[in-house]
Amino acid sequence: MTFQTYKPNSPKPRGRDLGLPFTGRTGTYNAITDVAGIGVGYRTMIENEPRPGRARPVRTGVTAILPHMFSETPVPVYAGVHRFNGNGEMTGTHWIEDGGYFLGPVVITNTHGVGMAHHATVRWMIDRYASTYQTDDFLWIMPVIAETYDGALNDINALAVTEADVRAALDSVASGPVQEGNCGGGTGMITYGFKGGTGTASRLVDFGGRTFTVGAMVQANHGQRDWLTIGGVPVGRHMQDGTPQSQLQERGSIIVVITTDLPLMPHQLKRLARRAAIGIGRNGTPGGNNSGDIFLAFSTANARPMQHRAEPFLQVEMVNDEPLDPVYMAAVDAVEEAVVNAMLAAEDLGGTVYDRFLIRAIDHGHLCEVMRSYGRLAV
């Protein structure tokens with residue numbers, strides 16, 4: 001399989017380009033792919049007319065995140081999960097809680113696409129790692145599949161995501177810059193009453209005399225307009241416009257994936273995953289009743305063979321819990337910024353004769369005016 005560097009197609013400035021007051025040092029791309037070996041791929045589906053026999057258009061997709069993307073065999077990664085508000089789905093979490101790791105990609109799509117995404121990802125893994133699964137066909141495969149609901153802008157009951165769509169996302173996995181906004185699983189998502197979707201950010205952390213990376217990726221589909229806060233400024237209250245989109249109540253979810261090359265153990269990664277709640281909370285959400293706020297954290301360190309092939313005694317590197325506070329802060333900062341980046345990259349969607357809503361992207365100029373009025377714009 002050939003991997004390539006992904007080239008984003010959105011010309012929109014990100015949060016730091018606008019002068020929003022985010023703190024911390026970022027990696028090269030300010031993206032989850034700043035963690036070495038992490039690849040991201042998409043399948044984006046935007047149709048302006050309904051399919052035959054349907055009433056609404058399809059606007060959905062698939063996002064794939066692959067740890068150890070260059071490995072020819074599947075590599076277990078230590079992981080931890082946290083459910084902040086549980087109105088949603090992330091498969092494989094029971095085993096992560098018990099076994100402390102998962103194997104394979106993380107795939108994010110819409111609520112009704114979870115089953116197909118799971119089926120297709122299993123098939124992709126069988127083909128991608130044929131030397132492993134043909135040699136030992138007693139092995140089970142249980143990838144991590146997560147979702148948020150895009151039914152306001154997408155004909156979710158059309159079950160439009162196919163096996164080919166999931167495989168296309170997995171086959172396009174690449175390192176480098178990461179597209180944001182209306183792409184992949186985030187295509188039809190809404191955030192704080194503005195168009196939302198996919199967003200990412202990263203932080204560099206000095207730990208024990210070495211520099212490590214913490215990366216975050218979100219599929220943001222949560223919040224309501226009056227909650228929105230950026231850099232401590234209640235921008236949502238200043239950006240009410242009386243349109244239906246600005247009056248939407250909390251009906252969505254957010255999936256957060258945090259990764260790092262720091263050698264953390266499962267109990268530490270579970271604690272890291274919890275910090276995503278603080279990251280999304282900085283932007284105003286209290287974790288609404290109808291929201292599925294589900295977080296995954298994993299480490300690419302301590303790469304090892306699959307469990308059945310490993311020696312009875314394993315040697316792993318593990319950090320001390322005591323100096324982890326800067327790592328927690330890095331995760332909080334990256335998640336906060338990733339949500340804002342998702343909104344800033346998004347484009348208007350909907351508004352056709354077939355739609356219930358036109359969901360507009362946040363206006364950069366208006367946002368900067370509000371931030372400037374509070375003295376919170378750096379440029």
Nearest non-hydrogen partners of [X] and [Y], listed with the distance:
| X | Y | value |
| --- | --- | --- |
| Ala152 | Arg356 | CA-NH2, 4.0 Å |
| Pro263 | Ala301 | CA-CB, 3.5 Å |
| Ala346 | Ala361 | O-CB, 3.2 Å |
| Ser172 | Gly41 | OG-CA, 3.3 Å |
| Pro266 | Gly100 | CG-O, 3.3 Å |
| Met371 | Pro21 | CE-CD, 3.8 Å |

Tell me every residue that passes side-chain hydrogen bond (donor to acceptor under 3.5 Å, both in side chains) with [X], counting only those two or more places apart in sequence or in another chain.
| X | answer |
| --- | --- |
| Thr111 | Glu147 |
| Arg225 | none |
| Asp17 | none |
| Asp206 | Arg25, Thr211 |

Once you round to the nearest 0.5 Å, how far does [atom1] of [X] lie from [atom2] of [Y]?
| X | Y | atom1 | atom2 | answer |
| --- | --- | --- | --- | --- |
| Tyr101 | Leu269 | OH | CG | 15.0 Å |
| Ile280 | Asp293 | CD1 | CG | 4.5 Å |
| Lys195 | Asn221 | NZ | CG | 8.0 Å |
| Ser175 | Ile38 | OG | CD1 | 11.0 Å |
| Thr200 | Ile32 | OG1 | CD1 | 5.5 Å |
| Leu349 | Arg59 | CG | CZ | 5.0 Å |

Under the side-chain hydrogen bond (donor to acceptor under 3.5 Å, both in side chains) criterion, do Ser291 and Asn85 qualify, and how do the steps go? CA-CA 6 Å; Ser291 192; Asn85 197 73; 5.5 Å; no
Between [X] and [Y] (side chain of the first, backbone of the second, donor and acceptor by atom type, cut-off under 3.5 Å), is there such a pair?
| X | Y | value |
| --- | --- | --- |
| Asn182 | Glu347 | yes |
| Thr259 | Phe298 | yes |
| Thr91 | Pro143 | yes |
| Thr229 | Gly284 | no |
| Tyr192 | Met343 | no |
| Arg56 | Tyr354 | yes |
| Ser299 | Leu262 | yes |
| Thr198 | Cys183 | yes |
| Arg16 | Asn30 | no |
| Asp171 | Ala168 | no |

Spell out, yes or no, whether [X] and [Y] are grouped together once hydrophobic residues are joined by side-chain heavy atoms under 4.5 Å, including indirect joins.
| X | Y | result |
| --- | --- | --- |
| Met329 | Leu264 | no |
| Met189 | Val107 | no |
| Met265 | Val214 | yes |
| Phe70 | Leu66 | yes |
| Tyr133 | Val122 | yes |

Are side-chain heavy atoms of [X] and [Y] found at a separation under 4.5 Å?
| X | Y | answer |
| --- | --- | --- |
| Phe207 | Asn320 | no |
| Glu47 | Asp155 | no |
| Arg43 | Val166 | no |

Check whether more than 12 heavy atoms from other residues, nucleotides or ligands sit under 6.0 Å from atom CZ of Arg274, and answer yes or no. yes
Check step by step if side chain to side chain contact (heavy atoms under 4.5 Å, CB included) holds for Leu296 and Ile96. CA-CA 9 Å; Leu296 170 72; Ile96 293 172; 3.8 Å; yes
Side chain to side chain contact (heavy atoms under 4.5 Å, CB included) involving Gln224 - partner list, sequence neighbours excluded: Asp226, Trp227, Gln249, Glu250
Using side chain to side chain contact (heavy atoms under 4.5 Å, CB included) as the criterion, list what pairs up with Arg275, not counting sequence neighbours. Arg271, Tyr328, Val332
Run the side chain to side chain contact (heavy atoms under 4.5 Å, CB included) test on Arg282 and Asp333 for me, step by step, so that the C-alpha distance in whole Å, both residues' side-chain angles and the decisive distance to 0.1 Å come before the verdict. CA-CA 9 Å; Arg282 281 186 177 176; Asp333 287 345; 2.5 Å; yes
Given side chain to side chain contact (heavy atoms under 4.5 Å, CB included), test Leu153 with Asp150 step by step and report yes or no. CA-CA 6 Å; Leu153 286 169; Asp150 59 11; 5.8 Å; no
Quick test of your reading: applying side-chain hydrogen bond (donor to acceptor under 3.5 Å, both in side chains), list the pairs with at least one residue in residues 360-375, sequence neighbours left out, ordered by first then second residue. His238-Tyr374, Asp348-Arg360
Member of Asn289, Asn290, Ile294 meeting the side chain to side chain contact (heavy atoms under 4.5 Å, CB included) criterion with Asn87: Asn290
Quick one: do the Asp34 and Thr213 side chains pair a donor with an acceptor below 3.5 Å? no
Remaining members of [X]'s ILVMFWY cluster at a side-chain heavy-atom cut-off under 4.5 Å?
| X | value |
| --- | --- |
| Ile156 | Tyr149 |
| Leu204 | none |
| Val75 | none |

Applying side chain to side chain contact (heavy atoms under 4.5 Å, CB included) to Phe295 and Leu272, what does each step give before you reach the verdict? CA-CA 9 Å; Phe295 315 138; Leu272 188 66; over 6 Å; no
Holding to ring pair (Phe, Tyr, Trp, His ring centres under 6.0 Å), I want the full list of residues that pass it with Phe194, two or more places apart in sequence or in another chain. none
Pairwise salt bridge (Lys or Arg N to Asp or Glu O under 4.0 Å) hits with a residue in residues 208-223, at least two apart: Arg210-Glu317
When you look at Arg203 and Glu337, which way does the salt bridge (Lys or Arg N to Asp or Glu O under 4.0 Å) test go after all the steps? CA-CA 10 Å; Arg203 292 294 186 275; Glu337 186 171 355; 2.7 Å; yes
